[in-house]
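Heavy-atom basis, side chains included; hydrogens, waters and symmetry copies ignored.
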Amino acid sequence: YFIFGLNESNIDNLEEYTIKGISEIGERAFHAPWNVKRVFFDENLAKIKKEAFKDADELEVFCCTGKKGEENFLKGLETNKLLDVTEFSVETLAFSGCVNLHTVIFPNCGTLKIEKNAFSDCKELRTVVAIAEEIDFTENPFSDCPEYLTFVCKKDSAVDKFARENGYRSVYVS
């Protein structure tokens, strides 16, 4: 479980955490934390287990690029240097109840697997970055999200097709 965190490089900003060296976030690991607003993971992360962030109502940004900050992220998109993993999976209810979550950035991956209800009650989710060759979604894991949800993806990719078929917007990267 995520019990306590302290970012020594910026003692005044205790709402942002960079976590390195783990391949899997366990069940209920971040269940209802009181001060986690932004969380960044490095290239080792490949799986988010059931209810990992359930009811993390302060969580705003989940990022798997290993690089924090908008400038670094945009550079990663421009140079196509987001992390590469073979498969990235998100189990059911992983982000359920994250009422302030607005941005999710998945790593560049071969297959992105997301189970049903992974994003239930994520009423503020507006941006999902998903650069994936293939997807394996159980039903529509984003069905509780707003209609203005926008996917950042490759044109004509499986993610783009999913967005079109479910009435979401797409923004393309090369």
Side-chain angles (χ1 to χ4, degrees), residues 1-2 5 7 9 13 15-31 33 36-54 56 58-96 98 100-115 117-119 122 124-138 141-142 145 149-154 157-160 162-163 168 170-174:
Y1 288 104
F2 178 81
N7 186 344
S9 66
N13 186 3
E15 300 170 337
E16 181 172 293
Y17 300 93
T18 300
I19 300 171
K20 299 178 181 180
I22 64 167
S23 61
E24 174 177 295
I25 301 172
E27 289 184 22
R28 300 177 63 87
F30 285 84
H31 177 76
V36 177
K37 286 194 174 189
R38 293 169 299 282
V39 63
F40 299 86
F41 289 88
D42 69 4
E43 68 276 0
N44 294 296
L45 186 63
K47 184 177 220 173
I48 303 170
K49 296 194 88 176
K50 180 179 175 181
E51 299 181 353
F53 289 90
K54 184 174 171 51
E58 295 295 318
L59 184 65
E60 297 174 353
V61 176
F62 174 86
C63 182
C64 279
T65 64
K67 300 175 181 180
K68 63 182 183 173
E70 183 178 345
E71 182 180 322
N72 285 330
F73 171 69
L74 292 174
K75 280 183 187 175
L77 274 179
E78 289 170 4
T79 60
N80 200 22
K81 294 211 185 232
L82 293 176
L83 300 177
D84 288 305
V85 295
T86 304
E87 181 178 295
F88 192 89
S89 63
V90 181
E91 292 184 358
T92 190
L93 302 172
F95 292 94
S96 175
C98 292
N100 288 306
L101 182 66
H102 59 73
T103 304
V104 172
I105 303 168
F106 292 117
N108 186 1
C109 60
T111 303
L112 177 61
K113 292 184 175 187
I114 304 177
E115 293 181 359
N117 296 323
F119 292 91
C122 291
E124 297 298 319
L125 188 59
R126 62 180 181 241
T127 306
V128 173
V129 178
I131 314 299
E133 299 299 317
E134 297 177 24
I135 60 172
D136 181 4
F137 292 175
T138 306
F142 301 95
C145 298
L149 177 61
T150 302
F151 286 85
V152 177
C153 60
K154 290 183 180 179
S157 67
V159 176
D160 182 31
F162 169 82
Y168 302 119
S170 295
V171 172
Y172 304 123
V173 296
S174 54

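- Minimum heavy-atom separation, C145 to L125: SG-CD2, 3.7 Å.
- Scanning for side chain to side chain donor-acceptor pair (under 3.5 Å) contacts around S96 gives S120, with sequence neighbours left out.
- Here OG1 of T111 is found 7.5 Å from CG of D136. Values are rounded to the nearest 0.5 Å.
- At least one side-chain heavy atom of V39 sits under 4.5 Å from a side-chain heavy atom of F53.
- The CD atom of E51 lies 7.5 Å from the NE2 atom of H31; values are rounded to the nearest 0.5 Å.
- Residues satisfying the salt bridge (charged side-chain N to carboxylate O under 4.0 Å, His left out) criterion with K54, sequence neighbours excluded, are absent altogether.
- Taking every heavy atom of both residues into account, P107 and F88 meet most closely at CG-CD1, 3.4 Å.
- Between T127 and V152, the shortest heavy-atom distance links the atoms CG2-CG2, 4.1 Å.
- Between V61 and L101 the shortest heavy-atom distance is N-CD1, 4.1 Å.
- Between K37 and E16 the shortest side-chain heavy-atom distance does not fall below 4.5 Å.
- Take N117 and apply the side chain to side chain donor-acceptor pair (under 3.5 Å) test, not counting sequence neighbours, and it matches no residue.
- With rounding to the nearest 0.5 Å, the separation of OG1 in T150 from OH in Y168 is 11.0 Å.
- Proximity of I131 to K154: side-chain heavy atoms (C-beta onward) are separated by under 4.5 Å at one or more points.
- For the residue pair F106 and A130, the shortest heavy atom distance occurs at CD1-CB, 4.3 Å.
- Residues meeting the side chain to side chain contact (heavy atoms under 4.5 Å, CB included) test with E91, sequence neighbours left out: K47, K49, K50, E115.
- Legend: residues meeting ring pair (Phe, Tyr, Trp, His ring centres under 6.0 Å) with F137, ordered by chain and number and at least two apart, are F162.
- Taking the six-membered ring where tryptophan is involved, the planes of F62 and F95 are perpendicular, since the angle between them exceeds 60° and thus also 30°.
- With rounding to the nearest 0.5 Å, the separation of CD in E60 from SG in C98 is 11.0 Å.
- Qualifying side chain to side chain contact (heavy atoms under 4.5 Å, CB included) partners for A158, counting only residues two or more places apart in sequence or in other chains: I135.
- Between atom CD1 of residue I22 and atom CZ of residue F41 there is a gap of 5.0 Å, rounded to the nearest 0.5 Å.
- Note that CD of E134 and NZ of K113 are 10.0 Å apart. Values are rounded to the nearest 0.5 Å.
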